[in-house]
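Naming: A, B, ... by sequence-line order, numbering from 1 per chain.
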Number of protein chains: 2
Amino acid sequence: MIRVLVAEDHTIVREGIKQLIGLAKDLQVVGEASNGEQLLEGLRHIECEVVLLDISMPGVNGLEAIPRIRALNNPPAILVLSMHDEAQMAARALKVGAAGYATKDSDPALLLTAIRRVAAGGRYIDPDLADRMVFEVGLTDSRPLHSLLSEREFSVFERLAQGANVNDIAQQLALSSKTISTHKARLMQKLNITSLAELVKYAMEHKLV
Amino acid sequence: MIRVLVAEDHTIVREGIKQLIGLAKDLQVVGEASNGEQLLEGLRHIECEVVLLDISMPGVNGLEAIPRIRALNNPPAILVLSMHDEAQMAARALKVGAAGYATKDSDPALLLTAIRRVAAGGRYIDPDLADRMVFEVGLTDSRPLHSLLSEREFSVFERLAQGANVNDIAQQLALSSKTISTHKARLMQKLNITSLAELVKYAMEHKLV
DNA sequence: GTTCTCTGTAGGAATTGCCCTACACGGATG
DNA sequence: CATCCGTGTAGGGCAATTCCTACAGAGAAC
């Protein structure tokens, strides 16, 4: 019998998952938590083989909880369950010690498979996602992406984030708009984004504006 | 027996909800959909009393689907199920014809209650949320600028903030790109902004993304 | 009931930006 | 050295977007 602890903040989703797991005769939900603190507290007196973990929880979020779970003695395997099938997020989760990563989009049967896999000491990654990770992420996540930008690229980046368009920047820097366009394309590639909207989000999230 | 159709894009969440509903003897899931198109298609040959609708779905999203469901003859009651307990979002959903609004945070038992309530022709709003709606609507002497936007404008706004370009949106909404461009120009004028970057900033600052 | 304004829709002309390509230069790699 | 890679610079051509304009329907205003 594989004992599972479910950590997920949305009650209804959590209940749903418990029901799903309940369908398998070899799996059993032995505890639950709706935030990181509860989870860590729960693990102090509940023994289990697998923690099913939503990364986006309030307070101590899933990502932050992972290393702390791993620091316990005889830690359970961690299977991350995410709404977002972001390759970036998956890479970070695996890096800090998750044994698997599944998305809420995937087939429910796969979730059960994933739980069994990680309980047995193995790893599991959503197949679609694995594909994308290989392509998108060089699996080299460490320093902020924008540290890869050259001087010129960075200054174009800042101006774009502040609302300037390609022509404005060309004027400000006394360059051809074609040049700015090239810098823009290159910097977006480096930041792994495909739209100006994402650029602005990136800038705001990293407090670069 | 109350027949329910579940529209929710994340497979695992959808399955979970089906399990939950299955626990009640007077409720029965008679269909499901993972996007707005499937939902509308499904309603053409499936009869049901209640549609359980996630607002954040790809393609035709939940909010847009509501008026189209209401336009059917003998339409089912619509119970919106949302991740976000935003008062703003709830207000919009109710305005376009939803009979209830529950969040995934709420107690699963309440979900079943809510389904029964709307099936009987009543209304249901998550109690916490109702509280906040009264306060936020009542206490904000200066309504946000984006409350001036029309439905169409707002949906174009959201998509732009999420990184879609004019053509993407035109396709999603099956309109000319010129039309989208006009909506974009008008909404930007209303929001008093002049660039896409400012639009994204606005959206983030007001937690609309 | 006529007029006004807002909304949703879109066409043609004009602008802007993107994609692909190119090239020179400097530093790293071998 | 010879070569490769990253950077800064741009052009040509094509696609996306805006600008200006228009029109119809729905309510509001008077």
Between B:Arg68 and B:Glu37, is there a side-chain N and carboxylate O pair less than 4.0 Å apart?
no
Look at B:Asn167 and D:dA16 and indicate whether a side-chain polar atom (N or O) is within less than 4.0 Å of OP1 or OP2.
yes
Could you check which of C:dT7, D:dT17, C:dC18 has an atom nearest any side-chain atom of A:Ser181?
C:dC18
Can you find a side chain N or O atom of A:His183 that sits less than 4.0 Å from OP1 or OP2 on D:dT9?
yes
For A:Thr179 and D:dA10, is the shortest distance between a side-chain N/O and OP1 or OP2 below 4.0 Å?
yes
Quick one: is B:Lys184 getting a side-chain N or O under 4.0 Å of the D:dC19 phosphate, OP1 or OP2?
no
Per the side chain to side chain donor-acceptor pair (under 3.5 Å) rule, which among A:Lys190, A:Arg186, A:Lys184, A:His183 passes with A:Glu153?
A:Lys190
Any ion pair linking B:Arg44 and B:Glu41 (charged N to carboxylate O, less than 4.0 Å)?
yes
Donor-acceptor pair present, B:Arg186 side chain and C:dT9 base, under 3.5 Å
yes
Phosphate oxygens OP1/OP2 of D:dA10: is one of them under 4.0 Å from a side-chain N or O of A:Ser177?
no
Rounded to the nearest Å, what distance is computed from the CG atom of residue B:Leu187 to the C1' atom of nucleotide C:dC6?
15 Å
Between CG of B:Leu160 and P of D:dA16 the distance, given in whole Å, is 16 Å
Round to the nearest Å and state the distance from B:Asp168 atom CG to D:dT17 atom C1'.
13 Å
Between A:Gln189 (CD) and C:dC18 (C1'), how many Å, whole number?
14 Å
I'd like to know if B:Asp26 pairs up with B:Arg116 as an ion pair, taking the criterion as any Lys NZ or Arg NE/NH1/NH2 lying under 4.0 Å from an Asp or Glu carboxylate oxygen.
yes
Trace of the side chain to side chain contact (heavy atoms under 4.5 Å, CB included) decision for B:Val50 with B:Leu5:
CA-CA 6 Å; B:Val50 177; B:Leu5 198 151; over 6 Å; no
Is it true that, when you exclude B:Gln171 itself, more than 12 heavy atoms of the residues, nucleotides or ligands shown sit nearer than 6.0 Å to its CD?
no
Looking only at non-hydrogen atoms, find the nearest pair between B:Ala161 and A:Ala197 and report the distance.
O-CB, 3.6 Å
Both A:Thr182 and A:Asn165 contact DNA chain C. Taking the nearest nucleotide for each, which residue is further toward the 5' end?
A:Asn165
Can you find a side chain N or O atom of A:Ser150 that sits less than 4.0 Å from OP1 or OP2 on D:dG8?
yes
Rounded to the nearest Å, what distance is computed from the CD atom of residue B:Glu151 to the P atom of nucleotide D:dG27?
15 Å
For the pair made of CE in A:Met188 and P in C:dC19, what is the distance, rounded to whole Å?
8 Å
In whole Å, what is the span from the CD1 atom of B:Ile193 to the P atom of D:dT18?
12 Å
Going by atom types alone, do A:Thr11 and A:Glu15 pair a side-chain donor with an acceptor below 3.5 Å?
no
How is A:Ile180 classified with respect to the nucleic acid when contacts are heavy atoms under 4.0 Å: base, sugar-phosphate, or nothing?
nothing
If the cut-off is 4.0 Å, is A:Arg152 near the phosphate of D:dG6, judged by side-chain N/O to OP1 or OP2?
no
Tabulate atom names and distances for all N/O pairs under 3.5 angstrom spanning the protein and nucleotides 12-14 of chain C.
| from | atom 1 | to | atom 2 | distance (Å) |
| --- | --- | --- | --- | --- |
| C:dG12 | N7 | B:Lys178 | NZ | 2.8 |
| C:dG12 | O6 | B:Lys178 | NZ | 3.1 |

At 10 degrees resolution, what angle do the end axes of the helix from C:dG1-D:dC30 to C:dG30-D:dC1 form when each is taken over five base pairs?
40°
Spacing of B:Leu149 atom CG and B:Phe157 atom CZ [to the nearest 0.5 Å]
7.0 Å
Could you tell me how far apart A:Leu196 (CG) and C:dG17 (P) are, to the nearest whole angstrom?
10 Å
Pick one: which of B:Gln19, B:Glu32, B:Glu8 meets side chain to side chain donor-acceptor pair (under 3.5 Å) with B:Arg14?
B:Glu32
